[in-house]
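Values below: all heavy atoms of this structure, side chains included; hydrogens, waters and symmetry mates excluded. On a predicted model such as this, the values are computed, not experimentally measured, just so you know.
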Amino acid sequence: MANPLYDNLISKNSNKNTCFLEQSGKAAVSFCQFSESTNQVANLLVKYGLQPGDRVAVQAAKTIEIIILYAATIQAGGVFLSLNTDYKKDEVAYFLKDAKPRIFVCDPYKVEDLKKVASQVDSKILTADAHGKGSLLSEANLMSKIFNTVDRKPDDLAALLYTSGTTGRSKGAMLTQNNLLSNAKTLKKLWQVTKSDILIHALPIFHTHGLFVALNTAMLAGAKVNFIPKFDIDEIIERLHASTLLMGVPTFYTRLLADYRLTEELTKNMRLFISGSAPLLSETHEEFTKRTGHHILERYGMTETNMITSNPYHGERRPGTVGKPLADVQMKITDPETGTEMAEGEIGMIEVRGPNVFKGYWNMPDKTALEFRKTGYFITGDLGKLSSDGYLSIVGREKDLIISGGYNVYPKEVEDILNELNQIDEAAVFGIQDNDLGERVVAALVLENDKNFNRRKIEVFANEKLARYKQPKEYFVLDSLPRNSMGKVQKNELRKRFSS
Ligand code: MCA
Ligand code: AMP
């Protein structure tokens with residue numbers, strides 16, 4: 001027996017003594033030191049009652065300690081659940097109630113807010129601050145450096161990541177050991193990641209992109225990871241010369257292009273720039289090539305499926321496309337209504353099947369059944385078309401979703417919050433084009449009484465209930481919302497009207 005994910009990412013790693021994780025202001029950590037610390041944290045988790053299959057939830061700053069917690073959770077047979085650090089009290093309470101984690105790790109300043117709900121679901125709280133300090137570290141330091149890795153089967157859960165939904169209710173995507181491992185192996189091979197690579201890691205670690213695509217792949221290859229707490233243009237520019245790999249959302253690349261210091265000379269040691277999570281404009285791709293000589297490699301995925309397609313490492317990285325299905329992934333374009341396959345070049349629903357595809361939504365068997373075909377294909381909600389030589393272009397989304405700077409915002413969730421306010425009769429939330437974030441969240445409001453419009457009050461309320469990135473950046477007051485003959489709000493109409 002074994003623990004496939006932990007064994008491959010950590011214990012079988014051949015790069016034992018060289019520096020692996022580095023974060024400004026801290027000593028670099030080798031794989032050996034990392035696995036010793038992982039053993040200590042795994043012992044601590046077990047001391048707090050963790051049994052195989054139990055969840056470990058975390059809402060804490062991006063530090064090496066949280067990556068140790070991730071690895072320790074896997075090693076102890078747990079299921080890692082990471083939450084956006086910007087989520088507000090009510091948002092976190094929902095996840096704790098739904099996932100019922102055995103252990104919850106949060107910043108010390110959040111304990112007061114969350115201890116009641118944690119105790120209701122019988123979660124023990126440990127803390128980690130922006131420097132990784134707190135009870136997680138201090139208590140783990142007292143534990144043994146030896147731990148017998150817990151056996152797990154490939155189909156056992158390793159992570160639970162929540163994605164918002166069109167109904168406004170977040171769903172926990174159950175990701176197995178094999179979902180994560182197979183995708184990391186495929187990406188490592190395709191992108192030729194090796195122990196000579198130095199990855200600039202500036203993404204958050206509570207999503208698939210930063211945690212699995214970037215970290216799992218780098219760990220599997222034994223590459224060095226430079227941890228930057230968040231996207232910081234100066235720090236990235238400073239590191240580009242001595243790095244080989246960058247993974248980012250399109251905003252990373254538009255911000256880099258807006259900086260005069262981005263040159264061919266600065267990026268001459270870089271091997272690969274990868275973009276994903278949101279559409280990369282062809283202009284960005286082309287301008288980047290002109291400035292640096294590098295062709296950004298765009299890929300496409302989802303929380304539920306990990307990565308699905310990628311442009312090639314060798315061969316044409318075609319702007320405006322997300323490349324071809326990964327080697328072990330099956331993908332087809334279908335008629336959204338009937339599920340029958342479309343002819344080449346026609347627009348349809350992107351469906352996907354393979355070892356990368358999740359096991360289902362946590363405690364939502366009906367919702368899970370609705371999103372899979374009987375043949376095992378998962379219905380992504382993204383619309384696309386294939387070129388004659390197999391490149392996929394994403395042309396839209398069937399789901400009502402806004403992607404702002406790589407974060408997904410489901411309008412229904414924001415509308416539900418705004419509709420709670422007495423002064424608002426109706427709210428329609430939609431995305432408009434934004435040069436920095438790709439799309440910007442805005443809201444059209446119909447008020448109970450026009451004279452009552454108090455924008456500040458709405459902003460304060462939204463700020464109390466919703467993570468910052470979900471909050472509308474602008475509000476437009478209308479007499480009524482445009483509707484079609486079925487009574488459905490016409491968001492396209494709103495987008496057209498307010499885009500300029
Ligand atoms: C920050 N703010 C945002 C966003 N980020 N508002 C809308 N959308 C955002 N994405 C807020 C801040 O709180 C701040 O509010 C104000 O906007 C300006 O912040 P700024 O300093 O400009 O932002 P930043 O901190 O530099 O962040 C922008 C960012 C960041 C670098 C684009 O959002 C980011 O790292 N995004 C990556 C998200 C990601 O990893 N997605 C992967 C999901 P105020 O000034 O009022 O306080 S996984 C996925 O999608 C699938 C599986 C896949 O394919 O990868
Ligand atoms: P999430 O649910 O947060 O995992 O976000 C997944 C969604 O992000 C997908 O369903 C797509 O709509 C979108 N996405 C990811 N990568 C790309 C890309 N390269 N181009 C366009 N959309 C993307």
For the residue pair Phe20 and Phe31, does the interplanar ring angle fall in the parallel (under 30°), tilted (30 to 60°) or perpendicular (over 60°) class?
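The arrangement is parallel - the two ring planes meet at less than 30°.
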Should the pair Phe288 and Phe273 be assigned to parallel (<30°), tilted (30 to 60°) or perpendicular (>60°) ring geometry?
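If you compare the ring of Phe288 with that of Phe273, the planes turn out perpendicular.
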Within the 3.5 Å criterion, strictly below it, is a donor on [X] or [Y] matched to an acceptor on the partner's side chain?
X	Y	answer
Asn463	Lys88	yes
Gln75	Thr149	yes
Thr127	Ser135	yes
Glu139	Tyr48	yes
Arg239	Asn226	yes
Tyr300	Asn311	no
Thr176	Asn179	yes
Arg317	His294	no

One thing to verify: whether [Y] and [X] come together as a salt bridge, which I'm taking to mean a side-chain N less than 4.0 angstrom from a carboxylate O.
X	Y	value
Asp436	Arg255	yes
Lys12	Asp7	no
Lys412	Glu415	no
Asp122	Lys100	no
Glu413	Arg169	no
Glu65	Lys26	yes
Asp155	Lys153	no

Could you tell me if the ring centre of [X] sits under 6.0 Å from that of [Y]?
X	Y	answer
Phe206	Phe80	no
His207	Tyr407	yes
Tyr87	Tyr94	no

What distance do Thr305 atom OG1 and Asp382 atom CG have between them, rounded to the nearest 0.5 Å?
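Separation between the atoms: 9.0 Å.
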What distance do Ser310 atom OG and Leu190 atom CG have between them, rounded to the nearest 0.5 Å?
4.5 Å
Pairwise side-chain contact, [X] with [Y], heavy-atom cut-off 4.5 Å (strictly under):
X	Y	value
Ile274	Leu246	no
Val429	Tyr410	no
Lys171	Trp362	no
Val352	Val329	yes
His241	Asn269	yes

Go through the steps to decide whether Leu50 and Arg102 satisfy the test side-chain contact (heavy atoms from CB on, under 4.5 Å), and finish with yes or no.
CA-CA 6 Å; Leu50 188 88; Arg102 174 73 56 212; 4.3 Å; yes
With sequence neighbours excluded, tell me which residues meet side-chain contact (heavy atoms from CB on, under 4.5 Å) with Gln330.
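Gln330: side-chain contact (heavy atoms from CB on, under 4.5 Å) contacts with Arg353, Tyr377.
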What are the two closest heavy atoms between Leu96 and Ala57, and how far apart are they?
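Answer, listing the atom of Leu96 first, then Ala57: CD2-CB, 4.2 Å.
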Check Ala76 against Ala42 and note the closest heavy-atom contact, atom names and distance.
CB-CB, 4.2 Å
Begin with the C-alpha distance, continue with both residues' side-chain angles, and end with the deciding distance and a verdict on side-chain contact (heavy atoms from CB on, under 4.5 Å) for Thr208 and Met307.
CA-CA 9 Å; Thr208 297; Met307 295 307 99; 4.0 Å; yes
Report the C-alpha distance between Glu439 and Arg397 in whole Å, list the side-chain angles of each, state the deciding distance to 0.1 Å, and finish with yes or no for salt bridge (charged side-chain N to carboxylate O under 4.0 Å, His left out).
CA-CA 14 Å; Glu439 285 183 284; Arg397 298 187 281 265; 2.8 Å; yes
After noting the C-alpha distance and the side-chain angles of Arg261 and Asp234, does the key distance pass the salt bridge (charged side-chain N to carboxylate O under 4.0 Å, His left out) rule?
CA-CA 10 Å; Arg261 293 170 293 178; Asp234 294 330; 2.7 Å; yes
Step by step, work out the side chain to side chain donor-acceptor pair (under 3.5 Å) result for Glu235 and Ser24.
CA-CA 10 Å; Glu235 204 162 348; Ser24 297; 2.9 Å; yes
